[in-house]
Amino acid sequence: WPGADSHWRAPRGRKAAGRPGAGPGAPPGPGPHQDTGDILQQIMAITDQSLDEAQARKHALNCHRMKPALFSVLCEIKEKTVLSIRGIQEEDPPDAQLMRLDNMLLAEGVSGPEKRGRGGPSAVAATSGGCPNDNSIEHSDYRAKLSQIRQIYHSELEKYEQACSEFTTHVMNLLREQSRTRPISPKEIERMVNIIHGKFSTIQMQLKQSTCEAVMILRSRFLDARRKRRNFSKQATEVLNEYFYSHLSNPYPSEEAKEELAKKGGITVSQVSNWFGNKRIRYKKNMGKFQEEANIYAAKTAVDATTVVAQGNQANSPSTPSSGKSGPSHQS
DNA sequence: GCGCATGATTACAC
DNA sequence: GTGTAATCATGCGC
C-alpha cells in the first residue's frame, strides 16, 4: 500500500506513540490493539479534515488490511446495539384494519377479479321499485362508477408499487455504496428495505381507505335511490288485484304463482310478496273500504270466465272466427 | 301544503 | 324463510 502508508503511520499528533515497529517502512499494524486504536482515531478525526484530506484518508482506510475485520466487528456491534433495539420496537402486529380494507375491496369487486353479472348491488337493484328498465339504468350506472373507482385504484396502486420499487432499488444501491465506508451489513440493508415497504404500505393503506370511502358513498347513494317509490303500472296492479280478490279466502300465492304474477305485471317476485303482504294487512284492517274494489274484481273475474266459455263455444263452431278480447283468464 | 295511497323496510314471531 | 304489523318515504290528487 505505497500511497496509503503515510496515512497509517502519521496520524495527527499521535505519531506512533510508544508503538514499536510502527516506523517508516515497517509493515502496518504490528500490534493489533494499537493498530486498531490508530484506525479508530483516524476515523474519529476524519470529520475535522478538509474534504480532499478526508477523501484520501477514507481511501487509505478502505485499503487497510484490518478493514474487513474491523468492518465486520463494527457491523456486529451496531447490530447488537441500535438495530436490535429498533428491531424489537418495530415488530408490527398483524394489521387488522388493513385486512378489513382488503376484504372490503375484494367483496366490492374493486380489488381482485372484476365482478360480472348478478352480484353485490344488483340484488338490491332487483328489489327497487319502478319498471325494470330503471333498475338496469341504476345498475349500469352503479357499475360504471364502480369500474371508474376500480380503475383509479389500480392505477394509483401501480404507481405506488413502481415508486416503492424504484426507491427501494435506489436506497439499496446507496447503502451498498456506503457500506464500503461505514458499517452497513446486508441485514441492515434488508431491514431498511422492510422499513421502506412499511412506509409505502402505509400510503397504500390510505389509498385503500379512500377507495373504500368512495365505494361506501356510491353505495349509500345507490341504496338511497332504492327507497324512491314508484307506483306500479296499471297492468301490474290489475293482475295483482285480480289474483287477490279471486283468492280472497286464501290470498297466499305460491312461489310459482308469484313468479307468474311478477312476469305478467313486469315487476319482481319480491315486489309481488311486498304487495300481498301490504294488501292482506290493509284489507284486513279495513274490509269495508275494499268492498267496492272486491266487487269490481269479482265481476271482472266473472266476465272473464264467461268470455273464456264463450270463446270455447265459438272455437267449437267451424263457421265463426274467434272475435273477443284476448284475455287469458285468472281463474282460481 | 295537506292528506291519503302505496311500495319498501324493519322488527318480531313462528 | 315467510307472514304480520308498524313504520317510513314517496307519489299524487286536491
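Proteins come first, then strands; the chains are lettered A, B, ... in the order of their sequence lines, and each starts at number 1.
- With A:Ser254 contributing its side chain and A:Ala257 its backbone, the two residues share a donor-acceptor pair below 3.5 Å.
- Atom OH in A:Tyr252 sits roughly 15 Å away from atom C1' in C:dG1 (whole-Å rounding).
- Counting only heavy atoms from C-beta on, A:Asn231 has its side chain closest to C:dC12 among C:dT7, C:dC12, B:dA5.
- Contact check, A:Lys284 against C:dA5: a side-chain N or O comes under 4.0 Å of OP1 or OP2.
- In this structure, A:Tyr243 has its ring center under 6.0 Å from that of A:Phe276.
- Residues that satisfy the ring pair (Phe, Tyr, Trp, His ring centres under 6.0 Å) test with A:Tyr153, not counting sequence neighbours, are absent from this structure.
- Put simply, CH2 on A:Trp275 is 8 Å from P on B:dG7, counting in whole angstrom units.
- Comparing atom distances between the A:Arg280 side chain and each of C:dA5, B:dA5, C:dG3 picks out C:dG3 as nearest.
- Taking atom CD of residue A:Glu238 and atom P of nucleotide B:dT6, one finds them 13 Å apart after rounding to whole Å.
- One can place CG of A:Asn286 at 17 Å from P of C:dT4, the figure rounded to the nearest angstrom.
- Rounded to a whole Å, the CG atom of A:Asn278 is 12 Å from the C1' atom of B:dT10.
- Taking atom CG on A:Leu240 and atom P on B:dA5, their separation rounds to 18 Å, with Å as the unit.
- We find that CD1 of A:Ile281 is positioned 19 Å from P of B:dT10, with the value rounded to whole Å.
- When distances are taken from the side chain of A:Lys258 to each of B:dT9, C:dG3, C:dA5, the shortest belongs to C:dG3.
- Look at CZ on A:Phe244: it is 13 Å from P on B:dT6, rounded to the nearest Å.
- Distances shown here put every side-chain N or O of A:Tyr283 at or beyond 4.0 Å from the OP1 or OP2 atom of C:dT4.
- The residue A:Phe276 sits apart from the nucleic acid: no heavy atom pair falls under 4.0 Å.
- With A:His154 contributing its side chain and A:Val110 its backbone, the two residues share a donor-acceptor pair below 3.5 Å.
- A distance-only check finds a donor-acceptor pair linking the side chain of A:Ser210 to the backbone of A:Gln206 [under 3.5 Å].
- Across all strands, A:Lys279 comes closer than 4.0 Å to no nucleic acid atom at all (heavy-atom distances).
- Listed pair A:Arg282 / B:dA5 fails the phosphate criterion, with no side-chain N or O lying under 4.0 Å from OP1 or OP2.
- Checking C:dA6, C:dT2, C:dT4 against every side-chain atom of A:Glu255, the shortest atom distance belongs to C:dT2.
- Between A:Lys289 and B:dC4 there is no side-chain polar atom (N or O) within less than 4.0 angstrom of OP1 or OP2.
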